[in-house]
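Counting convention: from 1, in listed order, for ligands and their atoms alike.
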Amino acid sequence: MARTAFVAGNWKMNLGRWEARDLATAVLDGVRGVRGVEIALAPSTIWLSEIAQVVHGSSVTLAAQTMHHAENGAYTGETSPLMLVDIGCKNVILGHSERRQFFGETDDIVNQKVLSALGHDLAPILCVGESLDEREAGRTNTKVDGQIRAGLRGVRAEDMASVTIAYEPIWAIGTGRTASPEQAQEVHAQIRSLLRALYSQEISESVRLQYGGSVKPDNIADLYAQPDIDGALVGGASLKPESFVAIVEACGTR
Ligand code: PEP
């Protein structure tokens, strides 16, 4: 089954207001004419409305980097799915390893957020991945399997068309160390077989799986050439328009 490539840029807690606007504008200019790839930009929450104006009317979608599961309430500092939809978000990154590591997001919390996102027409990008210790101990598959089973608990088959899974080995995020295409493919293939077991052959073949972890213009082609890698979740290289556009181009056609 042909899957449309999907590349998302996670800007994390970077860029001032005008830098963010300029970056989004340059990305839009750069990707004009690229076909066959969906593109999402995830600025920090405070710039979502700013970037919503820039991408409005284009095919580039707006993504949030996280959200609270509740619609409203006494959750100081948080942003609700209703607010994200209101501002024009189509996607939300959930369970990023930095959220898990620095903000205490457990698999159960991530699952609540995934269910809430789907309930509000936000398409989640569910992030999973092992630490270096886990990889070296041979626990990569167990870790990733567990995160996916927990993250997708209660997600109905009919909602899986909206779900993207990003495999991001923690040891490759922001380190300049990328999983080899073979290492990444092996985990992606395992994720697909888990989706087959949890749902169906059809769903396992249609869900998009992104790779993330020091993706750059010079390694994306080999990663994207793998049969089960459908695009990328890009951190550092999404902060420079030329490198992000080159990554998008490698997953699409002009
Ligand atoms: C990320 O944080 O999702 C990521 C993949 O970062 P980087 O590309 O900088 O490794």
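In the candidate list Ala232, Gly236, Gly9, Gly236 is nearest to atom 9 (O) of ligand 1, counting heavy atoms.
Using a 4.5 Å heavy-atom cutoff, the side chains of Pro181 and Gln183 are not in contact.
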Mind running salt bridge (charged side-chain N to carboxylate O under 4.0 Å, His left out) on Lys143 and Asp133 for me, showing each step along the way?
CA-CA 11 Å; Lys143 176 69 183 288; Asp133 282 354; over 6 Å; no
Do Ser238 and Asn10 pass the side-chain hydrogen bond (donor to acceptor under 3.5 Å, both in side chains) test, and can you show the C-alpha distance, the side-chain angles, and the key distance before you say yes or no?
CA-CA 7 Å; Ser238 71; Asn10 175 10; over 6 Å; no
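Counted by atom type alone, His96 and Glu105 present zero donor-acceptor pairs between their side chains at under 3.5 Å. When only modelled atom types and interatomic distance are considered, Arg99 and Gln65 share no side-chain donor-acceptor pair under 3.5 Å.
From the protein, the heavy atom lying nearest to atom 1 (C) of ligand 1 is His96 NE2, 3.2 Å. Distance from atom 5 (C) of ligand 1 to its nearest protein heavy atom, with residue and atom name: Glu168 OE2, 3.0 Å.
A continuous path of Ile, Leu, Val, Met, Phe, Trp and Tyr side chains, each step under 4.5 Å between heavy atoms, connects Val187 with Ile229, placing both in one hydrophobic cluster.
The closest approach between a heavy atom of Ala237 and any atom of ligand 1 is not below 4.0 Å. Ligand 1 lies within reach of Ala172, whose nearest heavy atom is under 4.0 Å from it.
Applying the 4.0 Å criterion to heavy atoms of Gly213 picks out, from ligand 1, the atoms 5 (C), 10 (O). Taking every non-hydrogen atom of Ser214 and a distance limit under 4.0 Å, the qualifying atoms of ligand 1 come out as 7 (P), 8 (O), 10 (O). Of all the atoms in ligand 1, the ones that sit under 4.0 Å from a non-hydrogen atom of Gly174 are 7 (P), 9 (O), 10 (O).
Distances between N or O atoms of Gly235 and those of ligand 1 include at least one value under 3.5 Å. Checking only distances, Lys12 does come within under 3.5 Å of ligand 1, N or O to N or O. An N or O contact shorter than 3.5 Å is missing between Ile173 and ligand 1 by distance.
Nearest heavy-atom pair, Leu48 versus Ala63, reported as atom, atom and distance to 0.1 Å: CD2-O, 3.5 Å.
Taking CG of Leu152 as the reference point, atom CD1 of Ile165 lies at 5.0 Å (rounded to 0.5 Å).
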